[in-house]
Amino acid sequence: MAKLTFKTDLCKGCGLCVNACPKGVLEIARDKINLKGYSPVVARDMDKCIGCAFCATMCPDCIITVEK
């Protein structure tokens, strides 16, 4: 199983990673706000993650780390 790590304080909630995920693991948090005032990305269901790293590749701010 893959492990995702997010630097949530740097996330601007653009959603590119959410759209890139083929398994629908990620979503923009509706109940959280980071230090910059944005709603960051969160992992909804880590059991579905296949570790493809499409999310990390799409992130313009490099806030996602994928470990297998």
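Both backbone and side-chain heavy atoms feed into the values below; hydrogens, waters and symmetry mates do not. Each residue takes its place number in the sequence, starting with 1.
Under the 4.5 Å side-chain contact rule for hydrophobic residues, I28 and M46 share a cluster. Residues V25 and V18 share a hydrophobic cluster, clusters being chains of Ile/Leu/Val/Met/Phe/Trp/Tyr side chains in contact below 4.5 Å. The hydrophobic clustering, which links ILVMFWY residues whose side-chain heavy atoms are closer than 4.5 Å, places L16 and V41 apart. Residues L26 and Y38 do not share a hydrophobic cluster, clusters being chains of Ile/Leu/Val/Met/Phe/Trp/Tyr side chains in contact below 4.5 Å.
Within the model, atoms SG of C59 and NZ of K12 stand 8.0 Å from one another, a figure rounded to the nearest 0.5 Å. Here CG of D9 is found 4.0 Å from CG of L35. Values are rounded to the nearest 0.5 Å. With rounding to the nearest 0.5 Å, the separation of CD1 in I64 from OG1 in T8 is 11.5 Å.
Scanning all heavy atoms of the two residues, the minimum distance from L4 to C55 falls at CD2-SG, 4.2 Å. Considering every non-hydrogen atom in both K68 and G51, the closest pair reads CE-O, 3.0 Å. Smallest separation of non-hydrogen atoms from D47 and M1: OD1-SD, 3.6 Å. Across all non-hydrogen atoms, the minimal contact from C62 to K7 is O-NZ, 4.0 Å.
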Set out, in order, the CA-CA distance, both residues' side-chain angles and the distance that settles side-chain contact (heavy atoms from CB on, under 4.5 Å) for V42 and E27, then state yes or no. CA-CA 6 Å; V42 293; E27 68 181 15; 3.9 Å; yes

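Residues I33 and S39 are in side-chain contact: their nearest non-hydrogen atoms beyond the backbone lie under 4.5 Å apart. The shortest side-chain heavy-atom distance between K48 and C21 does not fall under the 4.5 Å cut-off.
Formation of a donor-acceptor pair under 3.5 Å by the N34 side chain with backbone atoms of C11 is found in this model.
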